[in-house]
Amino acid sequence: MRERLKTREVSARRLLIFDDDRNVGRIVEFMARSLGLAHRSVTAPDEFFEQLEAWAPTYILLDLLMPEMDGVQIIQRLAERGCSAAIIISSGVEDCIRDAARRAAAENNLHVAGSLAKPFTRAELGEIIAGVDAVLSAQLLQGEPPDDAPITEADLKRAVMGNQFELAYQPKVECATGALLGFEALARW
């Protein structure tokens with residue numbers, strides 16, 4: 001089965017880190033910086049969902065054990081919002097629990113890029129990020145749309161917030177005389 005990704009551009013590499021431990025967030029920010037990723041770290045659900053809408057991350061690193069709202073609840077809310085980011089599940093819990101969360105996300109049509117047991121290394125995080133980047137690049141090079149789902153309002157908002165549109169001008173010419181009549185402005189995604 002072809003991987004389901006809605007992310008429209010590989011160059012917009014943004015990691016949103018959601019972990020209730022600020023120190024873990026700082027460590028992952030350091031890893032992200034060394035991997036060439038833009039990054040933001042949050043510790044509370046309200047802040048997470050605000051950043052999700054405003055910043056349009058490409059990747060989400062999600063801790064499963066959170067005091068205000070657990071990872072499974074977050075996954076449900078991400079599914080309700082039609083989240084298109086690649087999700088990386090991170091936790092110190094047993095593999096079977098992380099795997100159950102991964103399956104729950106996949107059943108809700110979310111793209112889970114991988115799972116990391118805490119503590120994890122920069123290389124482990126980088127391997128997951130590289131895998132997502134490779135899939136996106138291959139799809140773009142083959143001219144395939146990254147996803148066959150219809151484009152949603154949320155997709156357009158993320159594209160606008162991520163500066164993914166390019167402006168192009170197309171001249172309007174009178175065919176009989178070749179005279180320049182003006183230009184059309186086109187927005188290309």
*Looking at Asn108 and Ala79, what are the two nearest heavy atoms and their distance?*
CB-CB, 3.5 Å
*asked:* Before you tell me yes or no, could you show the steps for Leu65 and Asp70 under side-chain contact (heavy atoms from CB on, under 4.5 Å), namely the whole-Å CA-CA distance, both residues' side-chain angles and the distance that decides it to 0.1 Å?
replied: CA-CA 5 Å; Leu65 298 178; Asp70 69 37; 6.0 Å; no
*Would you name the heavy atoms of Leu52 and Ile60 that are closest together and state the gap between them?*
CD1-CD1, 3.7 Å
What pairs of donor and acceptor atoms, side-chain ones from residues 85-94 against any protein atom, are under 3.5 angstrom apart with sequence neighbours left out?
residue: Ser91; atom: OG; partner: Val93; partner atom: N; Å: 3.4

*asked:* Is there a side-chain contact (heavy atoms from CB on, under 4.5 Å) between Ile17 and Phe48? Walk through the geometry before answering.
replied: CA-CA 8 Å; Ile17 304 153; Phe48 172 74; over 6 Å; no
*Can you find a heavy atom in the side chain of Arg13 that is under 4.5 Å from one in the side chain of Asp133?*
yes
*Tell me, with the steps shown, if Thr58 and Arg14 meet side-chain hydrogen bond (donor to acceptor under 3.5 Å, both in side chains).*
CA-CA 5 Å; Thr58 313; Arg14 299 175 177 186; 5.9 Å; no
*Between SG on residue Cys83 and CD1 on residue Ile74, distance to nearest 0.5 Å*: 11.0 Å
*asked:* Does this structure show an ion pair linking Asp19 with Lys118, if we count only N-O contacts that are shorter than 4.0 Å?
replied: yes
*Rounded to the nearest 0.5 Å, how far does CG of Asp95 lie from CD1 of Ile97?*
9.5 Å
*For the residue pair Ala44 and Glu68, what are the closest heavy atoms and their distance?*
CB-OE2, 4.1 Å
*Measuring from Ile75:CD1 to Arg77:CZ, what's the distance to the nearest 0.5 Å?*
13.0 Å
*Might you point out which heavy atoms bring Trp55 and Leu16 nearest each other, and give the distance in Å?*
CZ3-N, 4.0 Å
Show me the donor-acceptor pairs within less than 3.5 Å that the side chains of residues 27-40 make with the rest of the protein, sequence neighbours left out.
residue: Ser34; atom: OG; partner: Met31; partner atom: O; Å: 2.7
residue: Ser34; atom: OG; partner: Arg122; partner atom: NE; Å: 2.7
residue: Arg40; atom: NH1; partner: Gln51; partner atom: OE1; Å: 2.7

*So do Asp63 and Phe18 actually touch side chain to side chain, heavy atoms under 4.5 Å?*
no
*Please confirm whether the backbone N or O of Thr121 pairs with a side-chain atom of Glu124, one donor and one acceptor, at under 3.5 Å?*
yes
*Gln73 atom CD, over 12 foreign heavy atoms within 6.0 Å*: yes
*asked:* Ignoring hydrogens, what is the shortest heavy-atom contact between Ala106 and Val112? Give both atom names and the distance.
replied: N-CG2, 4.4 Å
*Inter-residue atom distance Ser115.OG - Arg98.CZ, 0.5 Å rounding*: 4.0 Å
_Could you measure the distance from the CZ atom of Phe49 to the CG atom of Leu78? Nearest 0.5 Å is fine._
5.0 Å
*asked:* Within this structure, what is the CG-CE distance for the pair Asp20 and Met69, rounded to the nearest 0.5 Å?
replied: 13.5 Å
